[in-house]
Amino acid sequence: MAVAVAAIHRNRGIGRALQQRAEEWLKCQGARTLQVKTLAESHPSLEYAETRKFYESVGYMPIEVFPTLWEVGPPVLQLVKVLNAGNGL
């Protein structure tokens with residue numbers, strides 16, 4: 001699944017609200033951790049730099065870079081977040 005906020009709507013709290021709602025629902029389903037994957041820092045895209053910054057700002061931690069996860073293409077960064085009752089945004 002891919003979720004994104006269009007560039008013209010960024011910096012209005014939409015992504016943060018979507019993330020928070022997803023976390024609330026997933027906690028109710030028994031999830032304990034979340035993971036996301038995005039392009040790694042070695043990719044020059046400013047948009048993906050914004051994506052990494054957003055995920056880190058809501059509590060995701062970079063774990064590992066996979067050079068060939070998506071076969072041919074740029075390296076992929078895996079980030080994870082631990083969910084618990086006191087884990088807010």
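All of these numbers come straight from a predicted model, not from anything done at the bench. Counting from 1, the numbers follow the sequence of the chain as shown.
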| query | Within a strict 4.5 Å, meaning less than it, do heavy atoms of the V76 and T38 side chains meet? | reply | no
| Backbone of E50 reached by a side-chain donor or acceptor of R10 within 3.5 Å | no
| query | Tell me, do L83 and E23 make a side-chain contact under 4.5 Å, heavy atoms counted? | reply | yes
| Backbone of M61 reached by a side-chain donor or acceptor of K81 within 3.5 Å | no
| Judged by modelled atom types alone, do Q78 and Y60 share a side-chain donor-acceptor pair under 3.5 Å? | no
| query | Which heavy atom in V65 sits nearest to a heavy atom in P75, and how many Å separate them? | reply | CG1-CB, 3.7 Å
| said: So Q29 and W25, do their side chains get closer than 4.5 Å, heavy atoms only? | reply: yes
| said: Nearest 0.5 Å, please: how far is CG in L34 from CG in L79? | reply: 11.5 Å
| Of all heavy-atom pairs between L77 and P62, which one has the smallest distance, and what is that distance? | CD1-CB, 4.0 Å
| query | Take atom CD in E64; do more than 12 heavy atoms of anything else shown fall under 6.0 Å from it? | reply | yes
| Distance in Å, K53 NZ paired with S57 OG, rounded so as to fall on 0.5 Å steps | 8.5 Å
| Does V82 offer a backbone N or O that forms a donor-acceptor pair with the side chain of R32 under 3.5 Å? | no
| query | Which heavy atom of I8 sits nearest a heavy atom of R12, and at what distance? | reply | O-NH2, 3.2 Å
| field | Backbone N/O of V58 and side chain of R16: donor-acceptor pair under 3.5 Å | value | no
| Among the clusters formed by ILVMFWY side chains lying less than 4.5 Å apart, do V80 and F66 turn up in the same one? | no
| said: Other residues, nucleotides and ligands only: do more than 12 of their heavy atoms fall within 6.0 Å of OH on Y48? | reply: no
| task | Any chance you could lay out the side chain to side chain contact (heavy atoms under 4.5 Å, CB included) test for L18 and V3, step after step, and finish with the verdict? | result | CA-CA 9 Å; L18 287 168; V3 177; 4.2 Å; yes
